[in-house]
Amino acid sequence: AQSVTQPDIHITVSEGASLELRCNYSYGATPYLFWYVQSPGQGLQLLLKYFSGDTLVQGIKGFEAEFKRSQSSFNLRKPSVHWSDAAEYFCAVERRNNDMRFGAGTRLTVKP
Amino acid sequence: GAVVSQHPSWVICKSGTSVKIECRSLDFQATTMFWYRQFPKQSLMLMATSNEGSKATYEQGVEKDKFLINHASLTLSTLTVTSAHPEDSSFYICSARGRGQHSPLHFGNGTRLTVT
């Protein structure tokens with residue numbers, strides 16, 4: 001079955017430190033992969049997406065993600081975290097029938 | 001850019017009443033709309049998929065008689081929570097996709113439903 005796994009429920013980093021949020025997927029075909037961010041009580045904002053081509057994709061707010069087929073991973077990274085990056089982050093995979101399945105989410109806390 | 005408007009953003013209702021949530025695509029024709037439910041501190045769970053002019057397809061475990069979905073036009077889908085109970089309190093999010101295989105999925109800002 002298709003699934004998305006985010007191993008880390010909660011991550012705390014210091015402001016200015018680098019960040020990596022993990023995402024692993026299980027999908028039979030080449031997946032379409034996404035990262036979304038959600039602030040409390042808010043909807044989702046798309047950070048970046050991967051359909052095909054260059055495996056390193058750049059997104060908004062200084063985020064990037066790398067698709068690694070051999071590891072079935074699509075980890076999100078940011079070189080220097082800002083306090084405003086504190087939020088919930090969701091990895092998602094788009095299935096063949098075009099609906100989207102989400103990971104459990106990773107809550108990011110940023111220490112001053 | 002494409003925008004999906006979801007209304008209301010929050011609603012409080014009494015047990016036993018029904019609540020309608022609207023999801024509109026403002027500048028594109030949404031051939032497919034998806035409804036998600038999100039409990040506090042949890043992920044989004046797909047409830048149903050609706051295609052314009054046809055019946056919605058519900059995910060396993062979602063009561064179709066309780067969560068009525070109507071996608072009557074290419075710009076509007078509604079989710080009606082019938083005979084609401086406190087356990088229906090949740091954050092409901094819609095998303096919409098236009099025509100074309102790789103057309104992006106746009107999300108509404110969600111509706112916070114509280115049933116008292």
Side-chain angles (χ1 to χ4, degrees), chain A residues 1-11 21-27 29-53 57 59-60 86-109, chain B residues 1-11 21 23 30-52 54 56-60 62 69 89-114:
Chain A
Q2 298 89 353
S3 66
V4 181
T5 303
Q6 292 180 249
D8 305 305
I9 296 174
H10 183 205
I11 282 182
L21 303 182
R22 295 183 292 166
C23 173
N24 293 97
Y25 65 89
S26 171
Y27 192 60
T30 302
Y32 298 154
L33 295 161
F34 304 79
W35 275 99
Y36 287 87
V37 60
Q38 184 183 36
S39 297
Q42 301 293 314
L44 301 175
Q45 182 179 24
L46 177 66
L47 288 175
L48 47 79
K49 60 189 175 186
Y50 171 77
F51 284 172
S52 64
V57 293
I60 61 172
E88 189 86 18
Y89 290 80
F90 293 99
C91 181
V93 60
E94 185 175 308
R95 306 197 311 168
R96 286 200 190 107
N97 63 352
N98 289 336
D99 73 78
M100 191 169 287
R101 300 293 165 132
F102 291 83
T106 298
R107 182 162 58 94
L108 174 66
T109 298
Chain B
V3 176
V4 171
S5 174
Q6 191 170 337
H7 179 80
S9 56
W10 61 271
V11 58
I21 301 170
C23 181
T31 54
T32 307
M33 286 188 172
F34 305 94
W35 287 94
Y36 292 85
R37 180 175 183 176
Q38 184 181 31
F39 290 107
K41 301 189 185 301
Q42 295 188 25
S43 188
L44 285 75
M45 301 302 296
L46 181 67
M47 298 175 67
T49 302
S50 73
N51 293 295
E52 187 267 338
S54 62
T57 302
Y58 290 80
E59 294 298 302
Q60 190 173 10
V62 178
I69 292 173
S89 298
S90 189
F91 194 55
Y92 294 86
I93 301 177
C94 74
S95 64
R97 181 191 304 282
R99 300 185 189 279
Q101 183 180 3
H102 295 307
S103 59
L105 197 60
H106 301 281
F107 285 83
N109 284 331
T111 297
R112 170 73 59 194
L113 170 63
T114 302

- Message: I'd like to know whether CD1 of Ile60(A) has more than 12 heavy-atom contacts from other residues, nucleotides or ligands below 6.0 angstrom.
- Response: yes
Given a strict heavy-atom distance threshold of 4.5 Å, which part of [X] is in contact with chain A: side chain, backbone, both, or neither?
X	result
Ile93(B)	side chain
Gln38(B)	side chain
Leu46(B)	side chain

- Note on the structure: Taken in chain and number order and not counting sequence neighbours, the residues that satisfy side chain to side chain donor-acceptor pair (under 3.5 Å) with Thr109(A) are His10(A)
- Quick one: of Ala92(A), Pro40(A), Ala104(A), who has the most non-hydrogen atom pairs under 4.5 Å with chain B? Ala104(A)
- Query: Any donor and acceptor pair, going by atom type alone, linking the side chain of Ser43(B) with main-chain N or O of Gly105(A) inside 3.5 Å?
  - Reply: no
- Message: Arg22(A): which residues meet the salt bridge (charged side-chain N to carboxylate O under 4.0 Å, His left out) condition with it, sequence neighbours left out?
- Response: Asp8(A)
- Note on the structure: Of Gln45(A), Met100(A), Gln38(A), the one forming a side chain to side chain contact (heavy atoms under 4.5 Å, CB included) with Phe107(B) is Met100(A)
- Message: Is Gln42(A) in contact with chain B via its backbone, its side chain, both, or neither, using a 4.5 Å heavy-atom distance?
- Response: backbone
- Query: Heavy-atom distance under 4.5 Å to chain B: side chain of Tyr36(A), backbone, both or neither?
  - Reply: side chain
